[in-house]
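Structure, as structure tokens:
Fair warning: this is a prediction, and the values are worked out from it, not measured in the lab.
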Protein chains: 2
Amino acid sequence: MVDIFKILANEHRLQILHWLKNPNNHFNAEDIEPEVTDYGVCMSVIQKKAGLSQSTISSYLTSMVNCGLLKSVREGQWTYYKRNEKRIQELASYIKDTL
Amino acid sequence: MVDIFKILANEHRLQILHWLKNPNNHFNAEDIEPEVTDYGVCMSVIQKKAGLSQSTISSYLTSMVNCGLLKSVREGQWTYYKRNEKRIQELASYIKDTL
DNA sequence: TCTATATATCTAATAATCTCGATACAAACA
DNA sequence: TGTTTGTATCGAGATTATTAGATATATAGA
């Protein structure tokens, strides 16, 4: 559980999580088709919006997948990321009932 | 919100929050009367249980008060700490609905 | 095969956090 | 007033996080 909080203890990662809640509200679907799909949003699109380096975003996203907050799918040369809503609700429940 | 997650991103602080959820289950009320009261639990009792230095616990508790997770009351030479349940539930709601 | 694009990994510099001991302050009490 | 107990603050060394650039890998297309 500490590991999840460590991931959330960063402005940029929180933002990414928020953007991915409603990708169409935060990423311009017209400009970036087909990088926003049912699979999620691909790294380069997230990276451009975040304004951090590609290596930083890559390691952020990897860590978010590792702690279960995101899921990823590799499709050709792209890796798509989406939220793991189940995990996020589990976190909310944990704080509500157990923390 | 990031600041709250930073506070939670530490094993010891998480433990303290958990101990204070049910102080009587975690602190021996007989040994330490009257340090566990309606006001909460005093610092020295928390410090002894945590096994970290007094200065560390003091700054942890202060930071937890500052971010709203705990409330404190000074009574004579003691400072008592208890959870801010309202704030904790707000955090759970934020994660559930907004994050 | 050569090139361009997307992603992943490695290395390193800077910044922040962790944690302690020393010390200061504050209250209780002999 | 001097001493003890509880708490707060300061300064510093060790550890961890942040973040970028360089480089490697993988895929798609000319």
>> If you assign K6(A) and M43(B) each to the DNA chain D nucleotide with the nearest heavy atom, which residue ends up on the more 5' nucleotide?
In response: M43(B)

>> As a test of understanding, state which of S58(B), S59(B), S53(B) forms a side chain to side chain donor-acceptor pair (under 3.5 Å) with S55(B).
In response: S53(B)

> Can you find a donor-acceptor pair, distance only, under 3.5 Å between Q54(A) side chain and dA6(C) base?
Replying inline: no

> Side-chain donor or acceptor of S55(A) under 3.5 Å from a matching atom on the base of dG21(D)?
Replying inline: yes

> Between dT7(D) atom C1' and L52(B) atom CG, what is the distance in whole Å?
Replying inline: 16 Å

>> Tell me the interatomic distance from W78(A), atom CH2, to dG29(D), atom P, rounded to whole angstroms.
In response: 7 Å

> Which whole-number value in Å describes the distance from H12(A) NE2 to dA15(C) C1'?
Replying inline: 13 Å

> Rounding to a whole Å, what distance do you find between Y60(B):OH and dT17(C):P?
Replying inline: 11 Å

>> When you measure from the side-chain N and O atoms of N10(A) to the phosphate of dA17(D), is any distance below 4.0 Å, counting only OP1 and OP2?
In response: no

> Whole Å only: how far is the CD1 atom of I57(A) from the C1' atom of dT9(C)?
Replying inline: 16 Å

>> Any side-chain N or O of T56(B) below 4.0 angstrom from OP1/OP2 of dC20(C)?
In response: yes

>> Please check: side-chain N/O of K82(A) versus main-chain N/O of D38(A), any donor-acceptor pairing under 3.5 Å?
In response: yes

>> I need the CZ-C1' distance between R74(A) and dA28(D), as an integer number of Å.
In response: 12 Å

>> Whether the side chain of R74(A) engages the backbone of G76(A) through a donor-acceptor N/O pair (distance < 3.5 Å, no angle test) should be reported.
In response: yes

>> Output the rounded distance in Å from CD (E11(B)) to C1' (dT19(C)).
In response: 15 Å

>> Pick the closest DNA chain D nucleotide for S59(A) and for G76(A) by heavy atoms, then say which residue is nearer the 5' end.
In response: S59(A)

> So does Q77(A) reach the base of dT5(C) with its side chain, donor to acceptor, closer than 3.5 Å?
Replying inline: yes

> Do other residues, nucleotides or ligands put more than 12 heavy atoms under 6.0 Å from the NZ atom of K96(B)?
Replying inline: no

> Using a cut-off of 4.0 Å on non-hydrogen atoms, how would the nucleic acid contact of T79(A) be classed: base, sugar-phosphate, or nothing?
Replying inline: sugar-phosphate

>> In this structure, how many angstroms lie between the P atom of dT7(D) and the OH atom of Y81(B), rounded?
In response: 8 Å

> Short question: side chain of Q47(B), backbone of L52(B) - any donor-acceptor pair under 3.5 Å?
Replying inline: yes

